[in-house]
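All chains are named by letter (A, B, ...) in the order of the sequence lines, taking the proteins before the strands, and each is independently numbered beginning at 1. Worth saying up front: this structure is predicted, and the values here are computed from it rather than measured.
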There are 2 protein chains.
Amino acid sequence: MAQDRHRPLRNGAARTRARLLEAAAEVFAEQGYAGASVDEIAGAAGVSVGSIYSRFGSKQELFEALMSEHLARDVARVRDGMAVGLAEGVSTPDDILHEAAGSRRRTLLDAETWVSAMRTPALRRALVEYEAAARHETSRTFAEQRGHIGVDIGMSDEEFATVVMALYQGLLRQVRLDPDVVAPDLLSRVLMALVRGLAADTGDAAPRDR
Amino acid sequence: MAQDRHRPLRNGAARTRARLLEAAAEVFAEQGYAGASVDEIAGAAGVSVGSIYSRFGSKQELFEALMSEHLARDVARVRDGMAVGLAEGVSTPDDILHEAAGSRRRTLLDAETWVSAMRTPALRRALVEYEAAARHETSRTFAEQRGHIGVDIGMSDEEFATVVMALYQGLLRQVRLDPDVVAPDLLSRVLMALVRGLAADTGDAAPRDR
DNA sequence: GTCTATAGGATGATAGAC
DNA sequence: GTCTATCATCCTATAGAC
């Protein structure tokens, strides 16, 4: 009991690391990689520059650690978000979309991730890998749903997942730029229409050049 | 005739400005705003730093001039691209997509535009304005096509344009990250299916639950 | 208008005390 | 492991010759 008083001060290792990554997230997000100074990050974290360089070897390594954590968190979010399912008519895809759009921090870090990935091959590979994981997760979830309903979509689950992700990311961009342009239920409306239209194209239900 | 020999050397004003913007595009794209140095831009343009500061007042102003030109060029591209039409079954939307994805310069400048817009309110307003223009252009074109075919989509032309742009931008992102993931005709396939599905939802054309 | 030279300041990274 | 102090470098911007 008395020892608990000391607990928050102990294990400074992980604690300091977390505070540093938090500060790095804030500063890198707001200023960008090149625009951020190690001094400012140190100040925001309440530590000194030397402390940063002892823990992470360089500004670049600190940035990569942050990016890695950012992507890992996003993977977890996709996994959780997929658990609720797509085609049930639930409005949760829209909730996920608007929640993601609402966070300035995430918006800026996503943008910084993208711009860095387009310049740095190593970061690009990491992002490709992450995107593939998200695609498989989406694809797998949709395959289950499709099994329940029993519709033929006319394309592979992987390709459909690609379309869903593109639509999600595209709308995310629109919402982040100007929230008024995207109705709260647009994503789910379009997804349902899309499934219907794809099923119709297989000749399952619709007349084509009769 | 003999004077033509001198022509290329004359009117250095616009000529130098163009070379400067070209060099700025290259360096800002590859290094980002903060990462780019005025010295390097001057070197790439074959002029000296003083020359840049006499023409543009600061690094920031040079960047804004470049962004403005970049957006204007993009507006023109949308206008031209829309001229061919959406719903005719022509594969040109896909061509436009993959051509845009193929240019590293455009990819990087788009990314830099986005990240800067998310941080700088003035740039963000400019991007919102550009996006609205593109949306109206898309909307208008689709309205014409819709008139010819005569389908009821169940949403406004503006909203449909938003979806089309989101899909386009989302797929553009996917192609730029990993070209193998997106089939060459995916965009047009999805667009056609989408129109069909939206029309079906109104109970207009397609048989739903007969 | 474009050059060279330089001012004035910020930056990434290191050294060494504690 | 964290601090302070400092180095060497690079950067934006300006001054002044031509």
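- At whole-Å resolution of the value, NZ in B:Lys59 and P in D:dA13 are 8 Å apart.
- Rounded to whole Å, atom P of D:dT14 lies 17 Å from atom CZ of B:Arg55.
- Heavy atoms of B:Ser37 sit under 4.0 angstrom from primed sugar atoms or phosphate atoms, though from no base atom.
- Regarding contacts with the backbone of D:dC3, a side-chain N or O of A:Ser51 is found under 4.0 angstrom from either OP1 or OP2.
- In this structure, A:Ala34 reaches neither bases nor backbone, as no heavy-atom distance under 4.0 Å exists between it and the strands shown.
- Here the options are B:Leu97, B:Leu172, B:Leu186, B:Val190, the test is side chain to side chain contact (heavy atoms under 4.5 Å, CB included), and the partner is B:Leu167; only B:Val190 passes.
- Note on ring orientation: taking the six-membered ring where Trp is involved, the planes of A:Phe28 and A:Phe63 are perpendicular (angle over 60°, cut-offs 30° and 60°).
- At least one side-chain nitrogen or oxygen of B:Tyr53 sits closer than 4.0 Å to the OP1 or OP2 atom of D:dA13.
- Atom pair A:Glu40:CD and C:dT11:P shows a separation of 8 Å (rounding to whole Å applied).
- Considering only the side chain of A:Val49, D:dA5 comes nearest among D:dT2, D:dA5, D:dT12.
- Using a 4.0 Å heavy-atom distance criterion, B:Ser48 is classed as a base contact.
- At whole-Å resolution of the value, CG in B:Asp39 and P in C:dT4 are 11 Å apart.
- Taking CG of B:Asp157 as the start and CZ of B:Arg146 as the end, the distance is 4.0 Å to the nearest 0.5 Å.
- Computed from coordinates, the B:Ile52 CD1 to C:dT4 P distance equals 13 Å when rounded to whole Å.
- The separation between A:Arg17 atom CZ and D:dT2 atom P is 12 Å, rounded to whole Å.
- Ion pairing between a basic and an acidic side chain is recognised when a charged N comes within 4.0 Å of a carboxylate O; A:Glu69 and A:Arg73 show such pairing.
- One interatomic measurement links the two molecules: CZ of B:Phe63 to P of D:dT12, which rounds to 13 Å at whole-angstrom precision.
- Residues B:Glu26 and B:Arg105 are paired through a salt bridge, judged by an N-O separation under 4.0 Å between the basic side chain and the carboxylate.
- Residues of residues 19-33 of chain A having a heavy atom closer than 4.0 Å to DNA chain D: none are found.
- Of the candidates D:dT12, D:dG1, C:dG1, the closest approach to any side-chain atom of B:Val38 belongs to D:dT12.
- Taking a 6.0 Å sphere around CZ of B:Arg17, one finds it holds 12 or fewer heavy atoms contributed by other residues, nucleotides or ligands.
- Once rounded to the nearest 0.5 Å, the distance linking CG of B:Leu123 with CE of B:Met118 reads 10.0 Å.
- Between B:Thr16 and C:dT2 there is a side-chain polar atom (N or O) within less than 4.0 angstrom of OP1 or OP2.
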